[in-house]
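Some notes on the structure that comes next.
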Amino acid sequence: MALGLVRVSIILGLASSVVLAQLSGSVGPTTPTSEKQATICNVLDYGGEIGSSDIGPAIGNAFTECVLNNSGSTLYVPEGNYDMKTWQILSGGTKWAFQMDGVITRASTAGGNMIVIENADDFEFFSSNSAGAIQGLGYQCRNTGPRLLRIETSTNYSVHDIILVDSPEFHLVIQQGSNGEIYNMAIRGTNLGGSDGIDVWGDNYWIHDVEVTNRDECVTVKSPSTNILVERIWCNQSGGSAIGSLGTGTAIENILYRNVYTNGGNQIFMIKSNGGSGYLKNVLLQNFIARGTAYGLDVDQFWSGTSTAAGDGVQLTNITFENWDGAVVDGVQRSPIQFLCVGDVPCTEMTLSNVNLWSATDEATNKCESAFGVGSCLQSGDASSYAVTITSITEPAGFTTPPTLTGDLSSGFSTDSSIPIPTIPSTFFPGLPQISPLAKNL
Ligand SMILES: *[C@@H]1O[C@H](CO)[C@@H](O)[C@H](O)[C@H]1NC(C)=O
Ligand SMILES: *[C@@H]1O[C@H](CO)[C@@H](O)[C@H](O)[C@H]1NC(C)=O
Ligand SMILES: *[C@@H]1O[C@H](CO)[C@@H](O)[C@H](O)[C@H]1NC(C)=O
Ligand SMILES: *[C@@H]1O[C@H](CO)[C@@H](O)[C@H](O)[C@H]1NC(C)=O
């Protein structure tokens, strides 16, 4: 929405100073939705029909013949079911909206992206009924079909009230661009790797009130990135959120994640790399609640999940972990806290503050290597490298059993049959309301 910062300062009161410091300016479209309704570019007027076996060409025609010809227009996909076989790249629109109130189902196995929005400015992708969805039926072409939605090099925009289900590959990719707001989303992928929820890199992004169920990235920041605020995120049996993987020439700074709830899955939060160069600095990871993850707080610069990138290692500096409460599945097999940093480029200024991570087995270790700062097994100073230390720990005094959310998963979704389309929840973190109401309730 326009004037996002003003809205936040009203809603969050004192917390707004953090928001202001975090984002570098306003996010979302510069003009309101109503100003884009002067011209409605309805796909049904451009060769589409409800029940269509390929709604792709009608979307493309409505865009080139109507949206591009009319500043202040809305490409409209009315409620109803549509199949889609021809992927669309919608390039260069200004002051426009894509209102997707229908459900589009993937009907081709071609790779790429079903819908790409690129070089858009003053843009909004949303459903007014909070029920617009893309159904990827990923089980039919796992890791070989398309990604669902990609927003590339766009500015001043929002994506909200959209449901993305079972992508054959990643669900939502935000590639470069700036001043974006992503919120009120439900993403449901399968219980396998390669099913990323949201991957984002760029400048000045606010991502909030998102639920991701899958077995890979929940909401993950990649390089290069600056001024990114991620909050009220529900990772429901997901892989967990991360920064990475970090490669050669990494440049990421000023990142804030707060109020992140993770139930099951791989990690509470991971910073991951293998070789590489550049920096990740000025990061605050605040108010994390988690239960039943395999890994906990996991900084791993020897991550085997990615091939070794050129460089001595990425410099990690000034990263604070504050107010964490959670339990991993087996804290001896996988330490709830581990900092594995490369000797050539040790991690410095790592700070743990009120981090209470424990194990469902009531036994745990922590693990540190070439990592400096305050808390857990971090060593003071920043002098030189040191070998890995593994130490048995006792239950942290501040540990309390993390609360649950209604709708928590006990197991992931099937890998070989269709995943149902959910509704978008209205709570994404225990005890906190969503920041903006669902569009259907406006
Ligand atoms: C609308 O756009 C199309 C394709 O860009 C173009 O061929 C056509 O002349 C335009 N029509 C008007 C009325 O501007
Ligand atoms: C995005 O909006 C800002 C004002 O909020 C404006 O300065 C900037 O020019 C806009 N970006 C583009 C590409 O128009
Ligand atoms: C460390 O990072 C925080 C943000 O997490 C920032 O406010 C602070 O200024 C940074 N400190 C330095 C010395 O850059
Ligand atoms: C989390 O997963 C469970 C189990 O399938 C599901 O019932 C619940 O709706 C999911 N939560 C959300 C918010 O989608």
Side-chain angles (χ1 to χ4, degrees), residues 1 4 7-8 11-12 15 18-19 22-23 27-28 126-127 130-133 158-165 171-172 174 180-189 195-200 205-221 228-242 255-269 284-293 323-326 402-410 412-413 421-442:
M1 299 212 174
R7 192 158 50 98
V8 168
I11 294 169
L12 299 182
V18 179
V19 176
Q22 190 55 42
L23 297 174
V27 292
F126 75 110
S127 70
S130 304
S158 64
V159 178
H160 65 95
D161 291 90
I162 293 288
I163 304 161
L164 301 175
V165 180
H171 289 80
L172 174 60
I174 304 288
E181 182 181 7
I182 317 297
Y183 62 101
N184 293 350
M185 306 253 321
I187 296 176
R188 271 200 181 170
S195 55
D196 294 21
I198 299 182
D199 292 319
V200 57
Y205 276 101
W206 186 21
I207 299 178
H208 60 93
D209 298 293
V210 172
E211 191 275 337
V212 176
T213 309
N214 64 357
R215 180 61 54 165
D216 212 315
E217 307 300 338
C218 182
V219 178
T220 286
V221 170
I228 300 203
L229 171 56
V230 181
E231 60 183 326
R232 303 191 197 196
I233 303 298
W234 182 0
C235 308
N236 195 20
Q237 285 290 333
S238 161
S241 292
I255 308 298
L256 170 57
Y257 276 75
R258 66 180 168 202
N259 302 322
V260 176
Y261 174 82
T262 305
N263 173 48
N266 194 61
Q267 77 257 358
I268 303 176
F269 197 89
L284 175 58
L285 302 166
Q286 191 181 50
N287 304 344
F288 278 62
I289 293 176
R291 48 171 57 245
T293 58
N323 302 336
W324 286 40
D325 205 354
T404 54
L405 278 178
T406 307
D408 266 337
L409 262 177
S410 56
F413 288 104
I421 297 175
T423 54
I424 302 176
S426 55
T427 300
F428 299 82
F429 186 84
L432 288 180
Q434 67 190 151
I435 292 172
S436 311
L438 294 176
K440 69 179 178 188
N441 296 331
L442 284 175

(request) With side-chain contact (heavy atoms from CB on, under 4.5 Å) as the test, would you mind laying out the steps for Gln267 and Thr293 before giving the verdict? (result) CA-CA 5 Å; Gln267 77 257 358; Thr293 58; 5.6 Å; no
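- In this structure, CZ on Arg188 lies 13.5 Å from OG on Ser195, to the nearest 0.5 angstrom.
- Between Ile182 and Ile174, the closest side-chain pair of non-hydrogen atoms falls below 4.5 Å.
- At a threshold of 4.5 Å between non-hydrogen side-chain atoms, the residues Arg215 and Gln237 count as touching.
- Within the 4.5 Å cutoff, side-chain heavy atoms of Val165 are placed close to those of Pro422.
- Formation of a donor-acceptor pair under 3.5 Å by the Ser127 side chain with backbone atoms of Gly132 is found in this model.
- For the pair Ile289 and Pro430, the tightest heavy-atom approach, listed with the atom from each and the gap, is CD1-CG, 4.4 Å.
- Listed by chain and residue number, Arg232 satisfy the side-chain contact (heavy atoms from CB on, under 4.5 Å) test with Pro433 (two or more places apart in sequence, or in another chain).
- Contact check for Phe269 versus Tyr257: side-chain heavy atoms found under the 4.5 Å cut-off.
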(request) Could you go through the side-chain contact (heavy atoms from CB on, under 4.5 Å) check for Ser158 and Tyr183 one step at a time? (result) CA-CA 8 Å; Ser158 64; Tyr183 62 101; 4.3 Å; yes
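- Taking 4.5 Å as the limit, some side-chain heavy atom of Ile435 sits within range of a side-chain heavy atom of Trp206.
- With hydrogens and angles disregarded, no donor-acceptor distance shorter than 3.5 Å links the side chain of Gln286 to the backbone of Asn323.
- The heavy-atom pair separating His171 from Leu164 by the smallest distance is O-CD1, 3.7 Å.
- Inter-residue side-chain proximity for Asn184 and Gln434 is flagged as met; some heavy-atom pair is nearer than 4.5 Å.
- In this structure, CG in Asp196 is found 4.5 Å from CG in Asp216, a value given to the nearest 0.5 Å.
- The structure places CG of Leu256 at 5.0 Å from CG of Leu229, a figure rounded to the nearest 0.5 Å.
- Put simply, the side chain of Val159 reaches to within 4.5 Å of the side chain of Met185, judged on heavy atoms.
- Just one of Glu181, Glu231, His160 meets the side-chain hydrogen bond (donor to acceptor under 3.5 Å, both in side chains) condition when paired with His208; it is Glu181.
- The CD1 atom of Ile207 sits 6.5 Å away from the CD1 atom of Ile228 when rounded to the nearest 0.5 Å.
- Ring orientation note: the planes of Phe288 and Trp324 are close to parallel, at an angle under 30° on the 30°/60° scale.
- Here the side chains of Val230 and Ser241 are not in contact, with every heavy-atom distance at 4.5 Å or above.
- Of all heavy-atom pairs between Val212 and Ser238, the closest is O-CB, 3.7 Å.
- Remark: the backbone N or O of Val219 is not paired with any side-chain donor or acceptor of Asp199 at under 3.5 angstrom.
- The two residues Asp161 and Ser130 have their closest heavy-atom pair at OD2-OG, 2.7 Å.
- The minimum heavy-atom distance between Ile233 and Asp209, with the atom names listed, is CD1-N, 4.4 Å.
- Looking at every heavy atom in both residues, Asn214 comes nearest to Gly239 through OD1-N, 3.4 Å.
- For Ala133, the side-chain contact (heavy atoms from CB on, under 4.5 Å) partners are Val103, Ile163, Ile421, not counting sequence neighbours.
- To the nearest 0.5 Å, atom CZ of residue Phe429 and atom OH of residue Tyr261 are 9.5 Å apart.
- To the nearest 0.5 Å, atoms CD1 (Ile187) and CD1 (Ile424) are separated by 10.0 Å.
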